[in-house]
Every structure is written in structure tokens, then in C-alpha cells.
Asker: 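Can you read through this structure? Questions will come right after.
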Amino acid sequence: MEEVTLECDLIHSILKRFWTLRALERESVEPNDAPDSEVGVGTSKKSRTTSANGNTLKLTCELLRLFITEAVQRAAAVAEAEGASEIEPTHLEIILPQLLLDF
């Protein structure tokens, strides 16, 4: 079976989009509403940008690849046990709780 890889550029784009949305949410919160743990001396989370280096992106891609591969394998086992020839969303729903605990 061919080894499947994830495009690190795609994962990076998804993460950047998430970080941008979080920054926009943070901007809409009044400074007095922020918890004390978010308030630093002389710094603001609003002014700091979030980024990831190349190694972090590679590791994130590999973790996602392993997670997806494991989910498909477990769902396939459930589908086979039920006599189904294809994986259906219900098979993923069955394996998801334990998969999340294992990861």
C-alpha cells in the first residue's frame, strides 16, 4: 500500500486561518474582559503574531496523517465486523471516542 502524505502547505494555511480568526475574536473582546492570565507586563496577545517553524509543521502533518490512518483502520474493522463493504459515518462515530482518548 502506498504511503499517504499530507501537504504541509495546506496544513500551514489551515493553521494560519485558525490563528487569524482567533486574533479577530480576541480583538473584539474588551481589555477589561480578558482574564488575568492573558494580561502580561508590557505585552499584548493582540500585538503578537502566531507562527510555526518548519519542524513544527512537519510534526503536525505527521500527527494528522497518523490520526487519520488510525481512524480509517479502526472504522474499517468496525465496518467489517458489521458485514459492511464500505465505511460509513456511523462507523466513525463508534470509534471516535476511544480514538480521541488514545491520542
Side-chain angles (χ1 to χ4, degrees):
M1 190 161 112
E2 184 179 325
E3 185 76 14
V4 178
T5 59
L6 296 175
E7 292 290 328
C8 284
D9 291 338
L10 173 64
I11 301 302
H12 187 241
S13 296
I14 292 169
L15 291 173
K16 281 176 60 175
R17 176 72 176 149
F18 175 76
W19 295 330
T20 301
L21 291 174
R22 289 290 301 260
L24 292 173
E25 286 176 6
R26 234 183 267 124
E27 287 177 3
S28 67
V29 175
E30 294 295 322
N32 293 336
D33 294 342
D36 292 337
S37 62
E38 290 187 13
V39 178
V41 177
T43 61
S44 169
K45 282 196 170 192
K46 291 180 188 176
S47 63
R48 289 185 275 166
T49 59
T50 304
S51 62
N53 66 28
N55 289 333
T56 304
L57 285 173
K58 287 178 186 177
L59 184 62
T60 302
C61 288
E62 181 63 13
L63 180 64
L64 284 170
R65 186 190 69 78
L66 291 172
F67 184 82
I68 292 167
T69 302
E70 185 67 21
V72 169
Q73 289 175 349
R74 290 184 187 194
V78 170
E80 185 179 332
E82 291 181 356
S85 61
E86 294 181 356
I87 298 173
E88 297 179 8
T90 55
H91 300 130
L92 290 169
E93 290 171 1
I94 292 169
I95 61 101
L96 190 59
Q98 187 63 47
L99 180 67
L100 291 174
L101 287 173
D102 290 345
F103 269 79

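Note that this is a predicted model, so its numbers are computed, not measured.
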Asker: Using a 4.5 Å cut-off on heavy atoms from C-beta on, say whether the side chain of Leu66 contacts that of Glu70.
Answerer: no
Asker: Answer yes if Phe103 and Leu92 sit in the same cluster of Ile, Leu, Val, Met, Phe, Trp and Tyr residues linked by side chain heavy atoms under 4.5 Å apart, and no otherwise.
Answerer: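 Phe103 clusters together with Leu92.
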Asker: In this structure, would Leu59 and Ile14 fall into the same cluster of hydrophobic residues linked by side-chain contacts under 4.5 Å?
Answerer: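 No, separate clusters.
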Asker: First locate atom CG of Leu15, then atom CG of Leu10, and finally report the distance between them rounded to the nearest 0.5 Å.
Answerer: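 So the gap between those two atoms works out to 9.5 Å.
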Asker: Nearest 0.5 angstrom please: Gln73 CD to Ile87 CD1, how far?
Answerer: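 Between atom CD of Gln73 and atom CD1 of Ile87 there are 9.5 Å.
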Asker: Are more than 12 heavy atoms from other residues, nucleotides or ligands located less than 6.0 Å from atom CD of Glu86?
Answerer: no
Asker: Are any of the side-chain nitrogens in Lys58 or Glu62 under 4.0 Å away from the carboxylate oxygens of its partner?
Answerer: no
Asker: Output the distance between atom CD (Glu82) and atom NE2 (His91), rounded to the nearest 0.5 Å.
Answerer: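 Nearest 0.5 Å value for the CD-NE2 distance: 4.0 Å.
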Asker: Are Trp19 and Leu24 linked, directly or through intermediate hydrophobic residues, by side-chain heavy-atom contacts shorter than 4.5 Å (ILVMFWY only)?
Answerer: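 No, it is not one cluster - the side chains of Leu24 and Trp19 are not joined through contacts under 4.5 Å.
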Asker: Walk me through whether Asp102 and Phe67 qualify under side chain to side chain contact (heavy atoms under 4.5 Å, CB included).
Answerer: CA-CA 10 Å; Asp102 290 345; Phe67 184 82; over 6 Å; no
Asker: Find the distance between CD (Glu93) and CG (Leu96) and round it off to the nearest 0.5 Å.
Answerer: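 So the gap between those two atoms works out to 8.5 Å.
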Asker: Would you sort out whether Leu63 and Thr60 count as a side chain to side chain contact (heavy atoms under 4.5 Å, CB included), showing the intermediate values?
Answerer: CA-CA 5 Å; Leu63 180 64; Thr60 302; 5.7 Å; no
Asker: Starting at CG of Leu6, measure out to SG of Cys8 and round the result to the nearest 0.5 Å.
Answerer: 7.5 Å
Asker: So, taking the atom named CG in Leu99 and the one named CD1 in Ile68, what distance separates them when rounded to the nearest 0.5 Å?
Answerer: 10.5 Å
